[in-house]
K.L.:
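Once you've had a glance at the structure underneath, I'll fire off some questions.
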Amino acid sequence: MRILLVDDDPITRLALGRILRDVATELVEAEDGEQAWALLQQGLRPLVCCCDVAMPRLDGIGLLRRAAGDCVLDDLPFGLISSAARSLPSC
């Protein structure tokens, strides 16, 4: 199973990569949505794309929109991830 992991944070890619390598036969990494898009345009066909939401140049939502608008990539499953934290109101 080929998985595309897209995240601008190298520490996050390392941590998620360790987890995903347990199920992936091939893990391809990209530093942002633009790099991932270039790989997809060059013919990369992962089974799933695990993608950070907030990234420079092209964010995860933008990458998802591009893929959804492409007749070859419109059925590529996305798992959107984020390490952003916000405080929850206390009860």
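What you see below is based on every heavy atom in this structure, not just the backbone, and it leaves out hydrogens, waters and symmetry mates. Keep in mind the model is a prediction, meaning the values are calculated, not measured.
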K.L.:
Which heavy atom of Leu5 sits nearest to which heavy atom of Gly17, and what is that distance?
P.N.:
CD2-N, 3.8 Å

K.L.:
For the hydrophobic clusters of this structure (ILVMFWY residues joined by side-chain heavy atoms under 4.5 Å, transitively), does one cluster hold both Leu4 and Met1?
P.N.:
no

K.L.:
Side-chain contact, heavy-atom cut-off 4.5 Å: Leu80 with Ile61?
P.N.:
yes

K.L.:
Are Val48 and Val6 connected in the hydrophobic side-chain network, where two residues link if heavy atoms are under 4.5 Å apart?
P.N.:
no

K.L.:
Any heavy-atom pair between the side chains of Arg21 and Leu27 that's under 4.5 Å?
P.N.:
yes

K.L.:
Side chains of Ile3 and Cys50: closer than 4.5 Å at any heavy-atom pair?
P.N.:
yes

K.L.:
Measure the spacing between CZ of Arg45 and CG of Leu39 and express it to the nearest 0.5 Å.
P.N.:
10.5 Å

K.L.:
May I ask you to test the Leu44-Val28 pair for a side-chain heavy-atom distance under 4.5 Å?
P.N.:
yes

K.L.:
Working to the nearest 0.5 angstrom, can you tell me the gap between Trp37 CH2 and Leu63 CG?
P.N.:
7.5 Å

K.L.:
According to a 4.5 Å side-chain heavy-atom criterion applied to Ile, Leu, Val, Met, Phe, Trp and Tyr, with indirect links allowed, do Leu16 and Leu64 form part of one hydrophobic cluster?
P.N.:
no

K.L.:
Atom SG of Cys49 and atom CG of Leu40: how far apart are they, to the nearest 0.5 Å?
P.N.:
6.5 Å

K.L.:
Is it true that a side-chain atom of Arg2 and a backbone atom of Glu26 form a donor plus acceptor pair closer than 3.5 Å?
P.N.:
no

K.L.:
Report the distance from atom CG of Asp32 to atom CG of Asp9, rounding to the nearest 0.5 Å.
P.N.:
13.0 Å

K.L.:
Going hydrophobic residue to hydrophobic residue with side-chain gaps under 4.5 angstrom, can you get from Leu14 over to Ile19?
P.N.:
no

K.L.:
Can you find a heavy atom in the side chain of Gln41 that is under 4.5 Å from one in the side chain of Asp70?
P.N.:
yes

K.L.:
Applying the 4.5 Å side-chain criterion to the ILVMFWY set and letting contacts propagate, would Phe78 and Leu47 be lumped into a single cluster?
P.N.:
no

K.L.:
With distance as the sole test, does Asp52 use its side chain to make a donor-acceptor pair with the main-chain N or O of Met55 at under 3.5 Å?
P.N.:
no

K.L.:
Could you tell me which non-hydrogen atom of Asp8 sits nearest to which non-hydrogen atom of Ala54, and how far apart they are?
P.N.:
OD1-O, 3.5 Å

K.L.:
Considering all heavy atoms of both residues, which atom of Gly60 and which atom of Cys51 are nearest to each other, and what is their separation?
P.N.:
CA-SG, 3.5 Å

